[in-house]
Amino acid sequence: MADNNGLRPSKQCLQASSSFVLAFILAFTLQIYFFSPISPDPLHLPQISASHNLPTNNKLQEVTKIGEGFLNKPEDLCFDEKGTLYTATRDGWIKRMHRNGSWEDWKLIGGDSLLGVATTRSGGIIVCDALKGLLKVEEDGVSLLTSQFNGSQIRFADDVIEGSDGSVYFSIASTKFGFHDWHLDLLEAKPNGQLLKYDPFSNHTSLLLDNLCFPNGVALSQHQDFLVVCESWKYRCLKYWLKGERKGTTEIFIENLIGGPDNINLAPDGSFWIAQLELRFEGILGFVHTSKASKHLLATFPKLLGLIQGIHKKATVVKVGADGKMMKRFDDPNGSVMSFVTNALEFEDHLYLGSLNTNFIGKLPLLDLDDPNFI
């Protein structure tokens, strides 16, 4: 009897432990599935098109670092007609570099949500503030252009460009998730984004395209007869016609890219520079994009994302012709100098590169890059 009595507590302890583990697993599962902030769809990343898969190189490691130490994660940049460079930084500043190379803290907007920037015909720049909306920044101050669409707050203005007639085109990356929760939009993989148009004369904001998968960069063509918008989660860019018989229609401009397209800029020759993000998760966790359970887990515990994503580990920009054909590709394959490049803008035979992982803007001379592999 003593032996039997001695075993009973052990059995009871084992049963209690098993019950606790099962309860924990059940609670954990309920937490993930029923309290998850997302309702995910599988995201099937496309096979890279053979015509887009130009040889990897290390050209982005050759950049000159401008504004080093003065800039905090300069995502986007633009030049005015005088050659002054403007950029928005993560510490809430609009900073600018004058022709003589001197930098200036120009305007303090505050916060950490300043994204796309674009110059205007009337002077000053337009800034996408992901929390406030569309801002106009001029010498005499900052004003709000638009913050509402259809009675709802614009919550994630991403990139912007002004047309020659004063019309302002801008992307809303997500209507469901805010700027600080952008990773949830990636995990959900649903078309939550929009392309909007703001008319400064009527002060009216209208919808051009809906149901876009994280629309990011926006650029006008050389003749402004069409507009290109990047869909990051789809690894493609769309062409939206503004003029002619096809006005108001949409077609694919380029697809099956090597990375998720971020910002896009018109080049002087009528082609486009596109910064691309590495959104494929590494190693065995590459199944995350097609596993709903994994998506719920990462949405509930977002710090796990930092362990598997490669967005900070490399950089790629490509040049694409007006016909949608790949022309050039520049890389930093291991992110030793440039990584998380979000913008590539050509100005006076140099390529300027913004990044969310640097304290500088990269400057790359283009005339020196005469290697036939990059043509």
Review point. When you check the side-chain N and O atoms of S102 and N100, is any donor under 3.5 Å from an acceptor?
Key: yes

**Study point:** Closest non-hydrogen atom pair between D165 and S167, with its separation
**Key:** OD1-N, 3.0 Å

**Study point:** Lys/Arg-Asp/Glu bridge criterion (N-O < 4.0 Å) met for K107, D140
**Key:** no

Could you pull out all donor-acceptor pairs under 3.5 Å where a side-chain atom in residues 240-258 meets a protein atom, sequence neighbours excluded?
unit_1 : atom_1 : unit_2 : atom_2 : d
W241   : NE1    : E251   : OE1    : 2.9
T249   : OG1    : R246   : O      : 2.5

Side-chain donor/acceptor pairs under 3.5 Å, residues 231-239, sequence neighbours excluded:
unit_1 : atom_1 : unit_2 : atom_2 : d
E231   : OE1    : R236   : NE     : 2.6
E231   : OE1    : R236   : NH2    : 2.9
E231   : OE2    : C213   : N      : 2.8
S232   : OG     : N216   : ND2    : 3.1
S232   : OG     : P261   : O      : 2.7
W233   : NE1    : D185   : O      : 3.3
W233   : NE1    : D185   : OD1    : 2.7

Review point. So, do L60 and V317 sit near enough that their side-chain heavy atoms are less than 4.5 Å apart?
Key: yes

Review point. Is a side-chain N or O of N265 found less than 3.5 angstrom from the main chain of A344, in a donor-acceptor match?
Key: yes

Check your understanding: With a 4.5 Å heavy-atom cut-off, do H289 and L186 have their side chains touching?
Key -> yes

Study note, to complete from the structure: Contacts of S147 meeting side-chain hydrogen bond (donor to acceptor under 3.5 Å, both in side chains) (sequence neighbours excluded), chain-then-number -> none

Point to revise | Check ion pair R90-E75 (N to O, under 4.0 angstrom) | key: yes

Review point. Rounded to the nearest 0.5 Å, what separation is found between the CG atom of L208 and the OG atom of S171?
Key: 11.5 Å

Point to revise | Aromatic centroids of F214 and F156 separated by under 6.0 Å | key: yes

**Study point:** Joint cluster assignment, L209 & V218, ILVMFWY side-chain distance < 4.5 Å
**Key:** yes

Check your understanding: Does the pair D331/R329 count as a salt bridge with the N-to-O cut at 4.0 Å?
Key -> yes

Study note, to complete from the structure: Tracing side-chain contacts under 4.5 Å among Ile, Leu, Val, Met, Phe, Trp and Tyr outward from F170 reaches I126, L134, L145, F149, I154, V160, V168, I172, L196, Y198, L207

Practice item. Measure from the side-chain N and O atoms of T89 to the backbone N and O of L71, and report whether any donor-acceptor pair falls under 3.5 Å. Key: no

Check your understanding: For D76, does its backbone N or O pair with a side-chain atom of T87 as donor and acceptor, under 3.5 Å?
Key -> yes

Review point. Regarding T205 and T146, is there a side-chain donor-to-acceptor distance under 3.5 Å anywhere?
Key: yes

**Study point:** Student check: side-chain heavy atoms of P215 and Q194 closer than 4.5 Å
**Key:** no

Practice item. Compare all side-chain heavy atoms of E62 with those of L364 and state whether any distance is below 4.5 angstrom. Key: yes

Exercise for review: Spell out, as yes or no, whether a donor-acceptor pair under 3.5 Å connects the side chain of Q222 to the backbone of P268.
Suggested key: yes

Exercise for review: With rounding to the nearest 0.5 Å, note down the distance linking CG in D210 to CG in L195.
Suggested key: 10.0 Å

**Study point:** Neighbour count above 12 (heavy atom, 6.0 Å) for Q47 CD
**Key:** no

Check your understanding: Which pair of non-hydrogen atoms, one from S122 and one from K136, has the smallest distance, and what is that distance?
Key -> OG-NZ, 3.2 Å

Exercise for review: Kindly give the heavy-atom pair with the smallest separation between K292 and P42, and that separation in Å.
Suggested key: CE-CD, 4.0 Å

Review point. N357 and K73: side chain to side chain contact (heavy atoms under 4.5 Å, CB included), yes or no, with the steps?
Key: CA-CA 6 Å; N357 200 36; K73 301 178 181 179; 5.7 Å; no

Exercise for review: Mind checking the CG-CG spacing from L77 to L85? Nearest 0.5 Å is all I need.
Suggested key: 5.0 Å

Point to revise | Flag for D332-N58: side-chain donor and acceptor within less than 3.5 Å | key: no

Revision key, fill the gap. So ring-ring contact (aromatic ring centres under 6.0 Å, His included) across residues 58-83, not counting sequence neighbours, yields F70-W103, F79-F347, F79-Y352

Review point. Do E104 and H98 touch side chain to side chain, with heavy atoms closer than 4.5 Å?
Key: yes

**Study point:** Approximate separation, where rounding is to 0.5 Å, of E81 CD and R121 CZ
**Key:** 12.0 Å

Review point. Under a 4.5 Å cut-off applied to non-hydrogen side-chain atoms, are L43 and T290 in contact?
Key: no

Check your understanding: After noting the C-alpha distance and the side-chain angles of I274 and V320, does the key distance pass the side chain to side chain contact (heavy atoms under 4.5 Å, CB included) rule?
Key -> CA-CA 8 Å; I274 306 174; V320 178; 3.9 Å; yes

**Study point:** Qualifying residue, where the test is side chain to side chain contact (heavy atoms under 4.5 Å, CB included) with N72 and the options are D91, N359, T358
**Key:** D91

Check your understanding: Between D80 (side chain) and T84 (backbone), is there a donor-acceptor pair under 3.5 Å?
Key -> yes

Point to revise | A130 versus F179, closest heavy-atom pair with distance | key: CB-CB, 3.5 Å

Check your understanding: Do Q276 and T316 get their side chains close enough for a donor-acceptor pair, meaning under 3.5 Å?
Key -> no

Check your understanding: Within the side chain of H350, is there an N or O that forms a donor-acceptor pair under 3.5 Å with the backbone of E348?
Key -> yes

Practice item. Decide whether N263 and T342 meet the rule of one side-chain donor and one side-chain acceptor closer than 3.5 Å. Key: no

Check your understanding: Do K313 and E278 touch side chain to side chain, with heavy atoms closer than 4.5 Å?
Key -> no

Check your understanding: Looking only at heavy atoms, what is the nearest atom pair of R155 and G178, with distance?
Key -> NH2-N, 3.6 Å

Review point. Does a side-chain heavy-atom distance below 4.5 Å link M338 with S355?
Key: yes

Review point. Within the side chain of N343, is there an N or O that forms a donor-acceptor pair under 3.5 Å with the backbone of L353?
Key: no

Check your understanding: Does a donor on one side chain and an acceptor on the other come within less than 3.5 Å for Q61 and N334?
Key -> yes

Review point. Do K295 side-chain atoms and D41 backbone N/O form a donor-acceptor pair below 3.5 Å?
Key: yes

Exercise for review: Could you tell me whether a side-chain N or O of K190 sits under 3.5 Å from a main-chain N or O of S39, the two making a donor and an acceptor?
Suggested key: yes

Exercise for review: Hydrophobic side-chain clustering at under 4.5 Å (ILVMFWY, transitive links): who's grouped with L135? Put none if nobody.
Suggested key: Y86, I94, W106, I109, L114, V117, I125, V127, V137, V142, L144

Exercise for review: Specify the closest pair of heavy atoms between N192 and E188, including all atoms of both residues, with the distance to one decimal.
Suggested key: ND2-OE2, 3.3 Å

